[in-house]
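All ligand and atom numbering here is 1-based and tracks the order in the structure.
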Amino acid sequence: MRFYTLAAALVAATPVLAETWDMPTPYGDSTFHTQNIVKFAEDLKDATGGGIEITVHSAGSLFPHAEIKNAVRSRQVPLGEFFLSTLSNEDAAFGIDSQPFLATSYDEAWKLWQAQKPVITELLAKQDLMPLFAVAWPAQGLYTEKEIKSVADLNGLRFRAYNAALEEFAALAGAAPVQVEAPDIPQAFTTGQIEAMITSPSTGANSKAWDFVSHYTPINAWVPKNIVVINKRVFDALDAETQTKLLEAAAAAEARGWEMSKAETEAQVQVLKDNGMVVYDPSPELLAGLQEIGAKMLENWKASASPEALAVLDAYNM
Ligand code: PCA
C-alpha cells in the first residue's frame, strides 16, 4: 500500500510527455559554446523534472554544419546550433556580425545583437524557426607562420575561411580563401590545404594552432556569434509552463555564454603563448590596411543589403 502511494506520487510529479531531443552543434566538446550548451541541457532537464532531455551531438556528428538549420526547419531535430553569419546568403542581416571592424568589442557586439535580434527573429519565423539564444566568440585574430607586417604579407597565402565575409576579406587581402569547418582545421593544415587563418583564440587553442603556425596577432576585427534555434511548431506544442522554463534556461545560457566568452579571450591567448606561439600586437600599417578592406566590404554590403539588413545597421548606429 505504501509502495503504491509512493509510486503514484512519483508518477504525478513526472510530466506526462517526457521527451528526448537530439541537438546537433558544429563545434567540438572542448569548445566553450558546446560546454555552455551541455549546461543548458542540464538546466532544462532539472527545470522540467526530466521532462525534456537534450542529447547534444557535437562537432557536426549528427548533421554537417551547413545542414543544421534545415534539419531544424524540417523537424528532423527540434533544435540546433550554428554560426549565425553562415545564413548571410539568405539575408545580409544574418551576416552583419562578420563585417570587419563594425563591432569589435563585447559591448559593441552585444549592441549589434540587440539591433539584429528583432529583425532576424522575423526572418527566421518565416522558416518556422525561433532563436533561443546567441553567444559571441572572442574577437577574431590572425594566425600565420611568420609575423605579418602589412596586408601585402598576406598575398598568396592559402587562407582558411568559414563564411562568405571572411572569404571576401581574404580575397581582398590578396590571399586564397578555402572553406574549412572548425573540426577540420588540423587536417587542413596538415595536408597543406591552408597555411593561415583568422579565428578566435578559442578555436586556435582548441585546434592546437601551434602545431601548424607560430604567430598570432589579435587584430580583433569582428566578434561573430553562434545561435541556437528551435523549430517553432515544436515550441508551440509545449505547454505554457515548459515554454517558460525553456526560455528561462535559454536566457541563462545566453548570459553565461557571453561571460564564458569574455573569460576565454585572455585564457586561450595564454594557452597559445604557453605552447610557444609568438603573440604580437598588429602594426599600425597592418591595421590600417585591414580597416581599408573593411570599409570597402561595408560599402559592398550596404549596396546589396535588404531593407531589413539596413535597418539592423541603422539601429546599431543609433
Ligand atoms: N571559431 C569558429 C567561428 C568563429 C570562431 O572563433 C571557427 O573558426 O569556425
Side-chain angles (χ1 to χ4, degrees), residues 24-37 58-61 63-69 80-88 94-106 108-109 112-113 116 134-144 158-170 175 177-189 193-213 216-228 257-258 260-269 271-272 277 279:
T25 78
Y27 305 100
D29 292 331
S30 57
T31 308
F32 74 94
H33 288 281
T34 310
Q35 289 162 357
N36 188 37
I37 284 169
S58 61
S61 57
F63 287 98
H65 190 177
E67 289 174 22
I68 291 177
K69 189 211 73 176
E81 180 202 34
F82 54 87
F83 193 49
L84 179 58
S85 54
T86 55
L87 303 190
S88 66
F94 292 113
I96 193 167
D97 68 14
S98 297
Q99 282 301 309
F101 303 105
L102 181 64
T104 59
S105 66
Y106 281 106
E108 289 175 347
L112 184 58
W113 173 223
Q116 212 178 3
V135 173
W137 290 89
Q140 306 290 289
L142 175 63
Y143 296 75
T144 53
R158 286 187 301 281
F159 212 95
R160 180 210 170 211
Y162 51 52
N163 66 12
L166 181 47
E167 207 169 293
E168 186 182 357
F169 192 68
V178 183
Q179 289 286 339
V180 176
E181 286 298 324
D184 303 329
I185 290 172
Q187 196 192 349
F189 271 114
Q193 243 190 314
I194 57 169
E195 53 193 341
M197 64 180 176
I198 287 178
T199 186
S200 57
S202 306
T203 299
N206 292 162
S207 54
K208 296 191 169 34
W210 49 85
D211 285 347
F212 317 106
V213 284
Y216 174 74
T217 185
I219 57 170
N220 296 343
W222 58 94
V223 180
K225 296 180 295 293
N226 285 359
I227 190 164
V228 171
W258 284 70
M260 288 172 91
S261 184
K262 287 173 196 170
E264 279 272 306
T265 310
E266 211 179 306
Q268 300 289 27
V269 168
V271 171
L272 300 179
M277 287 191 74
V279 176

For residues 136-144, tabulate all N or O donor-acceptor pairs below 3.5 Å that involve a side-chain atom, not counting sequence neighbours.
residue, atom, partner, partner atom, Å
W137, NE1, N226, OD1, 2.8
Q140, OE1, Y162, OH, 2.6
Q140, NE2, P138, O, 2.9
Y143, OH, S200, O, 2.7
T144, OG1, K146, O, 2.6

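Judged as a side-chain contact (heavy atoms from CB on, under 4.5 Å), and not counting sequence neighbours, the contacts of S105 are D107, E108. In this structure N163 satisfies the side-chain hydrogen bond (donor to acceptor under 3.5 Å, both in side chains) test together with S85, S98, sequence neighbours excluded.
F159 places a side-chain heavy atom less than 4.5 Å from the side chain of I198. Between T203 and Y27, every side-chain heavy-atom pair lies at or beyond the 4.5 Å cut-off.
Between the side chain of T104 and the main chain of F101, no donor-acceptor pair closer than 3.5 Å is present.
Protein neighbours of ligand 1 below 4.0 Å, counting non-hydrogen atoms: Y27, F83, W137, Q140, R160, Y162, A182, T199, S200, T203.
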